[in-house]
Amino acid sequence: MVMTPADGHLDKIRKGYSFDGPGLHLGAAMLDGEIHPDVPVRLPVAMMNRHGLVSGATGTGKTVTLQVMAEQLSAHGVPVFLADIKGDLTGLSTPAASSDRLRTRAQSVGQDWNAKSFPVEYFSLGGDGKGVPVRARISDFGPLLLARVTGLNETQESSLQLVFYYADKNDLELYNLADLRAVISFLTSDEGKDSLEALGGLSRSTAGVILRELVTLEAQGMDKFFGETEFDSAEFLRLAEDGRGVISCLELPTLLARPALFSTFLMWLIADLFAELPEVGDAEKPKLVFFLDEAHLLFRNASDAFLESIMTTVRLIRSKGVGIFFVTQAPKDVPSEVLGQLANRIQHALRAFTPDDAKALRATVSTFPTSAYDLEEVLTNAGTGEAVVTVMTERGAPSPVAWTRICAPESTIGPSPAATVDRIVQESPLLPVYAPTVDSHSAFEKLSGSPAPTHDGLPGSAGRDFGIEAGATGADGSSTNVGSVPRTQADIDAEARRIEEAILGRPSSRPATRTPAPLPDWRPMPGAGQQRQPEHRESRRPGPEQSAPERRNPERRSPERQTPERSTAERHNPGQSGKPGQKDDTADLIKDVAVQAATVLGRELVRGLFGTRRRRRRW
């Protein structure tokens, strides 16, 4: 027996998983090994941004569970991101072949099964594998995440941050590994030894260690991931023409050769989305749901600073409408601080072959709410495609623990034909945008003495092509770098005063700074820079409501598109601005300004945690 008798247990489960809003049909409850299709186990779509954990031993059905959840999220109009470690998830592109066994399983859990394919976009890290290449600039990746990829210790990580600071201070753009390698080579040369000494805290030997690690990355072929054309993470938020969410599938054929790059890339992507997405609070459905497969790779040998950054991001990103599901073999693979943030649990079978396994099993059981099940016995005897489930209900309380038989996918279990995947990749509208590689004039060219490219044959016209005005200055009259947060304390204080006055509705009491101190762009201060300075290069794809000429020259936008310049009052009272007797909805105005301020503060918080730089966005 795997069940301690309890009167009305099925009724308790039925009531606990009944709610009014849309939900994912995970499967049917089981009791004493018997399936009860009249007791469905569901997960509210609105609670998907409360994060979750899908775990279980190898071969227990985790991948199929991911497939089922991705299918239903897409059907509800929620975009999904998932990493395809073994190539099995390409089956989402192909309808499943009907069979008596499949229909019997679907009927056993009360599932209305129909064979379907789903809108899938395939991606690859730097073009390594099939899919649209995903690349990132070194400067946007940041020193903390790069230190994680290269395996630097905390001292070397601090030294790498100094290198980033030096490059930024001297207008040496870091777009690829060659740029960063050129800067370090310069600092360790006779010509750059004075600059190295001026940095302080960066020894020549430590710089040499960092340089060797970068060379190792290039030797492993990782240089393909860093560079341009840089990927815009807004592409993961798309919907298909029929309103279904696009499933973004990252193909990882060489994961075992570079696990650190894979796991760190996922963290960069999450941090990048969090830094730029606006606050949405509790929405009816998430903007995106992330499935982080092989989650143990993310935390293996991670520094305290990196773990703290992960925990902070996971704790705060739900307010941006993004849900994160960690997928791993055992809950112990995820730090307890992160595990405590995960409200939805789908636990497949665990194996207890060793004393350590038995100890981990008992620890896992202790994390579930009290139930009538003998969970130790259930988790060691559950079959493939069965799991112990508890989720957060719409009222914010945990649901009863339910031993569940998972639904069958409507797409193919296993890989799609190679020809199908190739066709989808070749027909993707993103391929011509991100497939080309761009070698911009950056640190490598500047330090090697290569001439800067010109546009239209006029010196300096490259900046004007991208909407950059020469001679931008800060509050103290000093020059500022384009694409960065304010460079002086005076700029930061001025922005803080502006936000304070907007919230309080009265002059700020914050004193002006008389002695400005320069700040590195890669470690912005909270509250800095709600209004962005343009970067050297804008995103190469115009937004859905904006043409390319409008992005390069904002002043050319038609009046009806100039929404960012409208006042808060005009947004709440369109067509009434400036009219006598206009109604002043003070509560709405304060709420709107507070949300804007929270978005700015959260964005700068995550940039400070990960050392990433601000970027131009389409949202």
Side-chain angles (χ1 to χ4, degrees), residues 81 121-129 131-146 149 164 167-168 171-181 214 217-218 221-238 248 250 261-262 264-277 428-445 453 462-463 465-468 481-484 521-522 532-543 546 548 551-552 603 606-607 610-619:
F81 175 92
E121 191 78 66
Y122 293 105
F123 296 92
S124 62
L125 286 185
D128 186 9
V132 177
V134 176
R135 303 185 189 92
R137 292 176 181 172
I138 284 286
S139 57
D140 290 325
F141 203 71
L144 181 58
L145 295 178
L146 186 60
V149 171
F164 271 69
D168 184 73
D171 295 324
L172 298 173
E173 297 85 358
L174 302 178
Y175 294 157
N176 51 38
L177 285 178
D179 291 327
L180 183 56
R181 186 159 44 82
L214 295 179
L217 284 184
E218 291 194 66
M222 294 190 189
D223 57 321
K224 294 183 294 184
F225 171 66
F226 297 106
E228 300 178 296
T229 303
E230 186 177 44
F231 188 75
D232 189 342
S233 49
E235 307 293 2
F236 294 141
L237 305 178
R238 295 183 301 131
S248 299
L250 180 67
L261 177 60
F262 156 70
T264 310
F265 158 75
L266 296 181
M267 200 64 242
W268 165 74
L269 189 56
I270 292 173
D272 189 60
L273 286 167
F274 176 67
E276 298 297 340
L277 283 172
S428 170
L430 304 182
L431 189 64
V433 178
Y434 295 107
T437 57
V438 179
D439 189 8
S440 303
H441 191 79
S442 51
F444 179 84
E445 288 77 14
D465 285 347
F466 293 97
I468 299 172
N481 287 342
V482 292
S484 65
D521 290 346
W522 45 263
R532 304 177 185 173
Q533 299 291 334
E535 286 189 350
H536 288 287
R537 222 169 308 277
E538 293 184 27
S539 173
R540 287 167 174 74
R541 301 188 71 233
Q546 199 172 23
R551 288 185 57 79
R552 290 193 295 268
R603 177 188 304 139
V606 170
R607 286 201 184 98
F610 287 96
T612 57
R613 296 187 58 174
R614 62 175 55 243
R615 302 167 59 194
R616 299 283 292 194
R617 292 298 179 199
R618 294 192 293 138
W619 46 62

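All values reported here derive from a predicted model rather than from experimental measurement.
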Do Asp232 and Val433 have side chains that approach each other closer than 4.5 Å (heavy atoms only, starting at C-beta)? no
Heavy-atom nearest pair, Val132 first then Ser428, reads CG2-OG, 3.7 Å
Are Leu125 and Pro133 side-chain neighbours, meaning at least one heavy-atom pair lies under 4.5 Å? no
How far apart are the closest heavy atoms of Ala178 and Phe444, and which atoms are they? O-CD1, 3.8 Å
Answer yes or no: does atom CZ of Phe81 have more than 12 heavy-atom neighbours from other residues, nucleotides or ligands under 6.0 Å? yes
Counting distance only, does the side-chain N/O of Asn176 pair as donor-acceptor with the main-chain N or O of Phe226 below 3.5 Å? no
Is a side-chain donor or acceptor of Arg135 paired with a backbone partner of Gly127 at a separation under 3.5 angstrom? no
Measure across Ala443 and Leu174 and return the closest heavy-atom pair with its distance rounded to 0.1 Å. CB-CD2, 4.2 Å
Could you go through the side chain to side chain donor-acceptor pair (under 3.5 Å) check for Glu235 and Ser248 one step at a time? CA-CA 9 Å; Glu235 307 293 2; Ser248 299; over 6 Å; no
Could you go through the side-chain contact (heavy atoms from CB on, under 4.5 Å) check for Asp179 and Ile138 one step at a time? CA-CA 9 Å; Asp179 291 327; Ile138 284 286; over 6 Å; no
Between Glu445 and Asp439, is there a side-chain heavy-atom distance shorter than 4.5 Å? yes
Distance col, row Lys224:NZ vs Ser124:OG, nearest 0.5 angstrom, shows 8.5 Å
Show the nearest heavy-atom pair for residues Tyr175 and Ser442, with the distance to one decimal. CD1-CB, 3.6 Å
Report the distance from atom CG of Leu273 to atom CH2 of Trp268, rounding to the nearest 0.5 Å. 9.0 Å
Decide yes or no for Val134 and Leu269: does some side-chain heavy atom of the first lie under 4.5 Å from some side-chain heavy atom of the second? no
So which atom in Arg181 and which in Glu218 form the shortest heavy-atom distance, rounded to 0.1 Å? NE-OE2, 2.5 Å
Enter the distance from Leu217:CG to Leu180:CG here, rounded to the nearest 0.5 Å. 10.0 Å
Would you check, one step at a time, whether the test side chain to side chain donor-acceptor pair (under 3.5 Å) holds for Ser440 with Glu228? CA-CA 8 Å; Ser440 303; Glu228 300 178 296; 2.5 Å; yes
Rounded distance [0.5 Å steps], CZ in Phe236 versus CG in Leu250: 7.0 Å
Residue among Phe123, Phe265, Phe231 satisfying ring-ring contact (aromatic ring centres under 6.0 Å, His included) with Phe225: Phe265
